Q: 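Handing you a structure now.
None of these values were measured; they are calculated from a predicted model. Just so it is clear: chains get the letters A, B, ... in the order the sequence lines come, proteins before strands, and each one is counted from 1.
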There are 2 protein chains.
Amino acid sequence: MNESETRWLSAEEQKVWRTFMQAFNDFNAHLDRQLRRDSGMPVAYYEILVMLSEAPDHCLRMGELAELVRSSRSRLSHAVAALEKSGYVSRCPADGDRRGAVARLTDTGMAALEEAAPGHVTEVRERLFDPLTEEQVKALGEIAEAVAAGMRPACEKAIAEEFAAEAVTEV
Amino acid sequence: MNESETRWLSAEEQKVWRTFMQAFNDFNAHLDRQLRRDSGMPVAYYEILVMLSEAPDHCLRMGELAELVRSSRSRLSHAVAALEKSGYVSRCPADGDRRGAVARLTDTGMAALEEAAPGHVTEVRERLFDPLTEEQVKALGEIAEAVAAGMRPACEKAIAEEFAAEAVTEV
DNA sequence: AACCACTGCTTGAACTCTCAACTAGTGGGT
DNA sequence: ACCCACTAGTTGAGAGTTCAAGCAGTGGTT
């Protein structure tokens with residue numbers, strides 16, 4: 001923070017901000033608890049299974065999978081290790097690149113996913129879609145789109161700054 | 001899940017849902033990383049400090065604080081322990097109820113908060129408010145309100161079911 | 001006064017996530 | 001053929017969260 005002036009939030013912005021954080025933290029916590037309780041896995045793991053289930057052959061390179069579930073490679077690596085221990089996913093070397101690994105959804109994993117899905121979807125519907133009008137759902141989609149769009153430049157900027165920092169550091 | 005029919009998401013709902021989760025997970029991750037990097041604390045801890053800073057005397061009972069930041073008592077207990085170790089918060093017995101404890105924001109904690117706030121707020125503004133139009137901000141507020149409203153009954157329902165389960169089990 | 005269900009908060013263990021190394025393999029220059 | 005910077009993925013340690021169990025104090029009942 002070396003901008004000279006912080007643009008603080010107005011009273012109304014504060015209110016929106018807090019309501020928003022409250023609602024969606026609670027919502028996420030709800031989803032996570034439901035899934036942990038009923039299917040013994042956190043939402044993050046569920047989403048890994050979903051992505052794999054939609055992939056051709058139920059297989060994906062670790063890197064692609066990481067992108068799809070928007071998690072760091074490291075996090076994914078740990079997660080897949082855990083899922084492998086549960087027997088839901090198996091890992092094998094990728095062909096074409098001997099560094100690579102592909103994760104594959106096992107039949108047990110697919111079964112677990114099918115078992116978990118109805119409860120999860122029901123929760124999403126009841127807690128998110130049911131309380132909203134159609135226009136609100138549409139608006140939410142557009143809002144999310146806008147925020148996502150505003151996020152991409154941020155990444156690029158971060159990378160650019162990193163480069164700049166390196167350039168300065170290295171003589 | 002013993003409802004006979006799961007109300008799956010339509011294609012459009014799917015799209016909204018995924019965009020939403022993507023955008024706001026990324027957004028949250030962003031906030032958290034910024035705060036960890038620049039101020040060495042996760043967003044959850046920052047919010048604890050905020051709540052304390054707004055409380056009369058910078059003091060709050062652990063229970064109230066837990067409500068305010070919407071975390072379990074256990075989580076809060078661990079968090080306050082950590083914040084105490086950093087010297088940002090101190091704990092002392094509540095008077096009137098010898099089980100109780102109150103958390104107090106120390107001067108160091110207040111300073112840390114003031115140091116952290118501008119960077120955090122700037123991030124919120126640039127990543128959330130700036131990309132949205134005024135109407136979208138308003139819509140987001142209403143959406144959050146609706147979702148929050150739809151969450152309260154869920155809690156009550158959960159508690160009711162717990163009671164029901166107990167009633168069945170005992171005897 | 002002795003009981004007992006309940007509340008307020010803490011604790012420990014298991015689990016997940018983050019961050020910073022680290023290994024191994026790739027591909028382009030020389 | 002040999003470098004060397006870069007990419008793919010893993011690992012380990014430490015931080016934070018969850019869940020279930022625990023301790024102590026409270027307040028109503030008998």
Q: So which pairs with a foot in residues 73-82 of chain B pass side chain to side chain donor-acceptor pair (under 3.5 Å), sequence neighbours left out?
A: none
Q: Would you mind classifying the nucleic acid contact of A/Ala44 as base, sugar-phosphate or nothing, using non-hydrogen atoms under 4.0 angstrom?
A: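 Answer is sugar-phosphate: A/Ala44 comes under 4.0 Å of backbone atoms only.
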Q: Can you tell me how far P of C/dC19 sits from CG of B/Asp38, to the nearest Å?
A: 12 Å
Q: Does anything in residues 90-112 of chain A pair up under ring-ring contact (aromatic ring centres under 6.0 Å, His included), and if so which pairs, sequence neighbours excluded?
A: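 Not a single pair qualifies under ring-ring contact (aromatic ring centres under 6.0 Å, His included).
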Q: Less than 6.0 Å separating the ring centroids of B/Phe24 and A/Phe20?
A: yes
Q: For B/Gln14, look at atom CD and say whether over 12 heavy atoms of other residues, nucleotides or ligands are found less than 6.0 Å away.
A: yes
Q: Output every pair passing side chain to side chain donor-acceptor pair (under 3.5 Å) with a member in residues 80-104 of chain A, not counting sequence neighbours, ordered by first then second residue.
A: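 Of all non-adjacent pairs touching residues 80-104 of chain A, those that pass side chain to side chain donor-acceptor pair (under 3.5 Å) are A/Glu84-A/Arg91, A/Asp97-A/Arg99.
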Q: Would you give me the side-chain donor-acceptor pairs under 3.5 Å for residues 111-118 of chain A, sequence neighbours excluded?
A:
none

Q: Once you round it to whole Å, what is the distance between P of C/dC15 and CZ of A/Arg33?
A: 20 Å
Q: Tell me the interatomic distance from B/Leu31, atom CG, to C/dC17, atom P, rounded to whole angstroms.
A: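 So the CG-P distance, B/Leu31 to C/dC17, works out to 18 Å.
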Q: C/dT11 P sits how many Å from B/Lys85 NZ, rounded?
A: 11 Å
Q: According to the side chain to side chain donor-acceptor pair (under 3.5 Å) rule, which pairs have a member within residues 43-65 of chain A, sequence neighbours left out?
A: A/Glu54-B/Arg18
Q: Could you check A/Gly40 against A/Gly96 and say which one's nearest nucleotide on DNA chain C is further toward the 5' end?
A: A/Gly40
Q: Specify the separation, in whole Å, of atom CZ of A/Arg36 and atom P of D/dT17.
A: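 To the nearest whole Å, that distance equals 12 Å.
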Q: Rounded to whole angstrom units, what separation is found between the CG atom of A/Asn25 and the C1' atom of D/dT17?
A: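 In whole Å, D/dT17 C1' lies 13 Å from A/Asn25 CG.
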Q: Output one line per pair: protein atom, nucleotide atom from nucleotides 7-11 of chain D, and distance, for all N/O pairs under 3.5 Å.
A:
{"from": "D/dT7", "atom 1": "O2", "to": "A/Arg99", "atom 2": "NH1", "distance (Å)": "2.5"}
{"from": "D/dA8", "atom 1": "OP2", "to": "A/Arg73", "atom 2": "NH2", "distance (Å)": "3.2"}
{"from": "D/dA8", "atom 1": "O3'", "to": "A/Arg61", "atom 2": "NH2", "distance (Å)": "3.3"}
{"from": "D/dG9", "atom 1": "OP1", "to": "A/Arg61", "atom 2": "NE", "distance (Å)": "3.0"}
{"from": "D/dG9", "atom 1": "OP1", "to": "A/Met62", "atom 2": "N", "distance (Å)": "3.4"}
{"from": "D/dG9", "atom 1": "OP1", "to": "A/Ala101", "atom 2": "N", "distance (Å)": "3.2"}
{"from": "D/dG9", "atom 1": "OP1", "to": "A/Ala101", "atom 2": "O", "distance (Å)": "3.1"}
{"from": "D/dG9", "atom 1": "OP2", "to": "A/Gly63", "atom 2": "N", "distance (Å)": "2.7"}
{"from": "D/dG9", "atom 1": "OP2", "to": "A/Arg73", "atom 2": "NH1", "distance (Å)": "3.1"}
{"from": "D/dT10", "atom 1": "OP1", "to": "A/Arg91", "atom 2": "NH1", "distance (Å)": "2.8"}
{"from": "D/dT10", "atom 1": "OP2", "to": "A/Ser77", "atom 2": "OG", "distance (Å)": "2.6"}
{"from": "D/dT10", "atom 1": "O5'", "to": "A/Ser77", "atom 2": "OG", "distance (Å)": "3.2"}
{"from": "D/dT11", "atom 1": "O4", "to": "A/Ser74", "atom 2": "OG", "distance (Å)": "2.9"}

Q: Return the value, rounded to whole Å, for the distance between atom CD of B/Glu47 and atom P of D/dT17.
A: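 Spelled out: CD on B/Glu47 to P on D/dT17 is 11 Å.
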Q: What is the distance, rounded to the nearest whole Å, between atom CZ of A/Arg37 and atom P of D/dC19?
A: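 Whole-Å distance recorded here is 9 Å.
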Q: So, is B/Arg98 near the phosphate of D/dT26, with a side-chain N or O under 4.0 Å from OP1 or OP2?
A: yes
